[in-house]
Colleague: 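First the structure, then my questions, so here it is.
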Amino acid sequence: MESKKILHNVFQNIEVGIGEVSKVVGVSQRQLRYWEEKGYIKPVSDDNSGVRRYNLSTLYLIVFIKEQLDKGFTLAAAFERSKDIRVKSKIVRTFFEHTFNDVKITNPDKGYGEIDLGELRTDDGKMYHFKGVVDERGRYVKIDE
DNA sequence: GTTCTAACA
DNA sequence: TGTTAGAA
């Protein structure tokens with residue numbers, strides 16, 4: 001199987017217990033159970049042990065909600081905002097999963113490189129290449145003819 | 001030792 | 001939400 005898909009599966013199947021999540025994220029176990037009761041988060045639906053496990057997606061959601069709470073939003077407001085983030089994340093992920101294959105390393109030591117972001121053909125037949133660049137100047141997009 | 005539910009502060 | 005009790 002393609003390595004990217006394997007890693008995708010691995011990350012998708014990572015599960016963390018409520019104790020770990022609570023400790024690392026800084027949210028109490030009581031809160032996590034309460035958020036679940038409110039329907040905001042859902043433990044991975046598996047066996048009948050009754051022990052809660054959370055996958056990566058839920059983990060991201062938990063972290064996001066926590067951040068919003070810290071900023072002063074109510075729990076309800078935090079969850080409402082997370083809906084936006086989830087859609088945006090999916091869009092970004094879809095876009096970059098596609099372009100991740102076309103990465104050219106320009107400087108291995110410094111971690112510089114170029115990402116092929118696709119082509120653009122204008123009405124008059126000219127062809128351009130969009131490239132995402134990471135180099136000593138930072139992070140930017142350029143257009144090559 | 002960890003997690004669960006339920007109940008009360 | 002925090003905490004605590006009692007069970008798994």
Side-chain angles (χ1 to χ4, degrees), chain A residues 1-122 127-144:
Chain A
M1 190 188 289
E2 188 185 345
S3 62
K4 196 172 79 175
K5 290 181 180 176
I6 295 176
L7 286 176
H8 183 79
N9 286 336
V10 170
F11 287 130
Q12 195 59 51
N13 286 311
I14 287 179
E15 295 174 6
V16 188
I18 193 171
E20 196 100 0
V21 174
S22 175
K23 192 192 315 174
V24 175
V25 182
V27 175
S28 69
Q29 298 189 15
R30 175 77 168 85
Q31 282 178 299
L32 292 170
R33 298 189 181 105
Y34 180 67
W35 296 359
E36 174 184 340
E37 181 186 321
K38 286 297 217 174
Y40 296 147
I41 62 176
K42 188 174 76 67
V44 58
S45 55
D46 59 323
D47 50 61
N48 34 37
S49 66
V51 176
R52 276 165 260 251
R53 302 230 144 113
Y54 303 98
N55 61 26
L56 260 194
S57 299
T58 305
L59 207 43
Y60 283 129
L61 177 56
I62 291 170
V63 170
F64 179 79
I65 292 177
K66 202 276 189 285
E67 286 175 343
Q68 298 305 302
L69 290 178
D70 288 345
K71 288 179 180 174
F73 291 97
T74 64
L75 177 59
F79 181 69
E80 204 56 37
R81 296 186 128 224
S82 77
K83 292 179 180 175
D84 239 47
I85 296 298
R86 284 213 291 286
V87 177
K88 287 180 180 177
S89 299
K90 185 177 181 183
I91 294 170
V92 172
R93 212 184 313 126
T94 301
F95 184 79
F96 281 106
E97 269 178 7
H98 173 264
T99 57
F100 262 167
N101 285 326
D102 310 307
V103 181
K104 184 169 69 180
I105 298 173
T106 55
N107 188 322
D109 297 328
K110 296 189 175 182
Y112 296 157
E114 291 183 355
I115 304 175
D116 188 345
L117 298 177
E119 302 171 338
L120 169 68
R121 190 191 301 276
T122 57
M127 183 78 89
Y128 298 92
H129 279 80
F130 285 89
K131 290 182 178 174
V133 183
V134 175
D135 62 16
E136 64 280 351
R137 283 185 288 175
R139 189 212 74 112
Y140 57 94
V141 176
K142 72 174 181 179
I143 302 175
D144 286 348

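Below, chain A is the first sequence line, B the second, and so on; all start at residue 1.
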Colleague: Taking OP1 and OP2 of dC4(B), is either one under 4.0 Å from a side-chain nitrogen or oxygen of Arg52(A)?
Modeller: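 Affirmative; the distance criterion is met.
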Colleague: Closer than 3.5 angstrom, by distance alone: can the side chain of Thr106(A) be matched with the main-chain N or O of Tyr112(A) as a donor-acceptor pair?
Modeller: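 Checking the backbone N and O of Tyr112(A) against the side chain of Thr106(A), a donor-acceptor pair under 3.5 Å is found.
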Colleague: On a heavy-atom basis, which atom in Val27(A) and which in Ser22(A) lie closest, and how many Å separate them?
Modeller: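 Of all heavy-atom pairs spanning Val27(A) and Ser22(A), the closest is O-OG, 2.6 Å.
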Colleague: For DNA chain C, find the residues of residues 24-34 of chain A with a heavy-atom distance under 4.0 Å and give them by number; none if there aren't any.
Modeller: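 Heavy-atom contacts with DNA chain C come from Ser28(A), Arg30(A), Gln31(A), Tyr34(A).
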Colleague: Using a heavy-atom distance cut-off of less than 4.0 Å, which residues of residues 69-78 of chain A contact DNA chain C?
Modeller: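 Nucleic-acid contacts, sorted: Leu69(A).
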Colleague: Is there a donor-acceptor contact under 3.5 Å from the side chain of Gln31(A) to the main chain of Ser28(A)?
Modeller: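 Pair found, side chain donor or acceptor close to backbone of Ser28(A).
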Colleague: Does a side-chain heavy-atom distance below 4.5 Å link Asn55(A) with Asn13(A)?
Modeller: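 A side-chain contact is absent here, since even the closest heavy-atom pair is not under 4.5 Å.
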Colleague: Here's a test for you: under ring-ring contact (aromatic ring centres under 6.0 Å, His included), which of Trp35(A), Phe64(A), Phe79(A) qualifies with Tyr40(A)?
Modeller: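 That would be Phe79(A); it is the only one of Trp35(A), Phe64(A), Phe79(A) passing the ring-ring contact (aromatic ring centres under 6.0 Å, His included) with Tyr40(A).
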Colleague: What's the spacing between Arg81(A) CZ and Ile65(A) CD1 if we round to 0.5 Å?
Modeller: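 Rounded to the nearest 0.5 Å, the CZ-CD1 separation comes out at 12.5 Å.
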Colleague: Quick one: closest heavy-atom pair of Ser57(A) and Gln12(A), and the distance?
Modeller: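 Shortest heavy-atom contact: OG-NE2, 4.1 Å.
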Colleague: Say whether, by atom type as modelled, one donor and one acceptor occur between the side chain of Thr58(A) and the main chain of Tyr54(A) under 3.5 angstrom.
Modeller: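 No; zero donor-acceptor contacts below 3.5 Å.
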